[in-house]
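Written below as structure tokens is the structure these notes are about.
The chains referred to below are lettered A, B, ... by the order of the sequence lines, with proteins before strands, and numbering in each begins at 1.
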Protein chains: 2
Amino acid sequence: MSSKPRQPVQAAATTFRIIETLHELNGAGVSELADELEMPKSTVHDHLQTLNEAEYLVKRNGDYHVGARFLELGGFARSQMKLYQIASPEIEKLAEETGEHANLMIEEHGKGIFLNKAKGRDAVNLDTHIGKRVHLHTTALGKAILSKRPESAVDEVIERHGLPRVTEKTLTDADELKSQLAEIRERGYAIDDEERVAGMRCVAAPICDGDGDPLGAISVSGPTNRFNDETFRTEIPKTVLSTANVIEVNMTYS
Amino acid sequence: MSSKPRQPVQAAATTFRIIETLHELNGAGVSELADELEMPKSTVHDHLQTLNEAEYLVKRNGDYHVGARFLELGGFARSQMKLYQIASPEIEKLAEETGEHANLMIEEHGKGIFLNKAKGRDAVNLDTHIGKRVHLHTTALGKAILSKRPESAVDEVIERHGLPRVTEKTLTDADELKSQLAEIRERGYAIDDEERVAGMRCVAAPICDGDGDPLGAISVSGPTNRFNDETFRTEIPKTVLSTANVIEVNMTYS
DNA sequence: CGTGACGTCCGGCGTGGCCGGACAACTATT
DNA sequence: AATAGTTGTCCGGCCACGCCGGACGTCACG
């Protein structure tokens, strides 16, 4: 069992629930929100008014919308901003060279978050928008990050989020995951063979700081038919690894 | 006098104060925050714990940091996202053509917010990061937006935020501002002659929807010595206006 | 081993978060 | 027009909970 969820300031939690659903609904009125959240109109209204006063929301022709204030907060911790800035141009190059999607992911609270992505000329459309949160075990990126963390941390993640199946090929066994992580540690890169999205393969490599702790991971992903065994097992990994290396060097010396 | 600030949910306001200072300090511990905010440690801790539990914050080696969750919320209302997506490539082109800075701004709560910027090869470094909030009357971008709003809206903005001086040349008189806005309406573009940053000039044009209401504005800005009268008064305006026109067309027909 | 700073957590006081309900403004339908 | 059903807003009051002082454990110093 997970430890009891200590939330001493429930009002804050409520506020964020409202903001989240407001974001999901892409703007809404008081009643619509109250209905969706199963809360009294007046309570929702109280929160909305406070947020509007604080300029975190915008009221436009009757509906409330999430404001641009969050953009500013989105430019979050500069340490991660640094990874973002250094990695982004490299991701672009990677996408250009391979013609496929290239991604940058970090870990937070045991989940993977897409920090950036670049589309190559042949890239298919995917559901990976910036900020998207996924389970670590379902992606090569996540496995690359996990491979650089101690076993205790891996156990923690499993206990907290489980290993839910999202496609037929998703890893759902803890031991199987751990043995894959050992492999990844050995060869330096991780792969994902239709484990999060059917028909998509992915190759990822971790980015570490000087202590060997993972800062994030980068990847290239594409449709199975273009990622045949040859490119999938040798060519792409080589490119990804070399790019990861460039980023690591730039991170430590600047 | 501005109307009384109705904030029915003070706890939410407190939470956001904490997040903001956390962001400014680029991560901090409980004591440091409590000191900065002049609040009891325990109160700050309560909020931090709640936010951490909700995964809006990250605790990394002792310090709390603003989490990437805000990135997701930063991809806010799709209508503005649309402007962002359509305008961004045009901004890039603008920066490339002119070699200077090109910017995209929207208005919220009577203030201007930089949605995006592009740096040309000769661009000097500026303080305009994405999400940055400025007074509308201090920038060509802001004046371009104001020029498309009714006088009552302009009065509201003035009443709410005043016309504070930020450089020697800042506009601080309401009538002067309004006569400039009339000029802008006539010729279609706005200028800023060291009114926000000494040594910097700027040319901006509004982006409007089908009803003529302003969605935002774009601009090109550069150092005074490169923006001499010739380029400043004719060349740059022409380029900016034509780009603004392209964006407007793409916004209405897609 | 002491000293100070840290993060965490408990317990209680009293304020304010929360909610039911009233009300005005607006639209649509008859 | 008048009515009926929306909507957003705003009171008033009760009792939960936000807030705070203080205690406690931990860690890094010298």
Could you tell me whether the phosphate oxygens of dT9(D), OP1 or OP2, come under 4.0 Å of any side-chain nitrogen or oxygen in Tyr64(A)?
yes
Does Arg69(B) pair with Glu20(A) as a salt bridge, N-O distance under 4.0 Å?
yes
OP1, OP2 of dG7(C) versus side-chain N and O of Gln49(B): anything below 4.0 Å?
no
If you pin Val9(A) and Glu32(A) to their nearest nucleotides in DNA chain D, which one's is more 5'?
Glu32(A)
Should Lys59(A) be listed as having a side-chain N or O under 4.0 Å from OP1 or OP2 of dT9(D)?
yes
Side chains of Thr139(B) and Asp192(B): any donor to acceptor distance under 3.5 Å?
no
Comparing Ser31(A) and Gln10(A) on DNA chain D - which has the more 5′ nearest nucleotide:
Ser31(A)
If only side-chain N and O atoms of Thr43(A) are considered, is one of them under 4.0 Å from the OP1 or OP2 phosphate oxygen of dC19(C)?
yes
Gap between atoms NE2 and P, on His47(B) and dC9(C) respectively (whole Å):
16 Å
Looking at Thr14(A), I'd like to know whether one of its side-chain N or O atoms comes within less than 4.0 Å of OP1 or OP2 on dC18(C).
yes
For Glu53(A) and dC10(D), what is the distance between atoms CD and P respectively, to the nearest whole Å?
11 Å
SB check Lys132(B) Glu72(A) (cutoff 4.0 Å):
no
Which nucleotide sits closest to the side chain of Val30(A): dC17(D), dT8(C), dG8(D)?
dG8(D)
In this structure, how many angstroms lie between the C1' atom of dC19(C) and the CD1 atom of Ile18(A), rounded?
13 Å
Options dG7(C), dC9(C), dC19(D), nucleotide nearest the side-chain atoms of Ala11(B)
dC19(D)
Think His45(A) has a side-chain N or O under 4.0 angstrom from the OP1 or OP2 of dG8(D)?
no
Salt bridge present between Arg187(A) and Glu183(A) (N-O < 4.0 angstrom):
yes
Residue Pro40(A), side-chain atoms from C-beta onward, closest of dG20(C), dC17(D), dG7(C)
dG20(C)
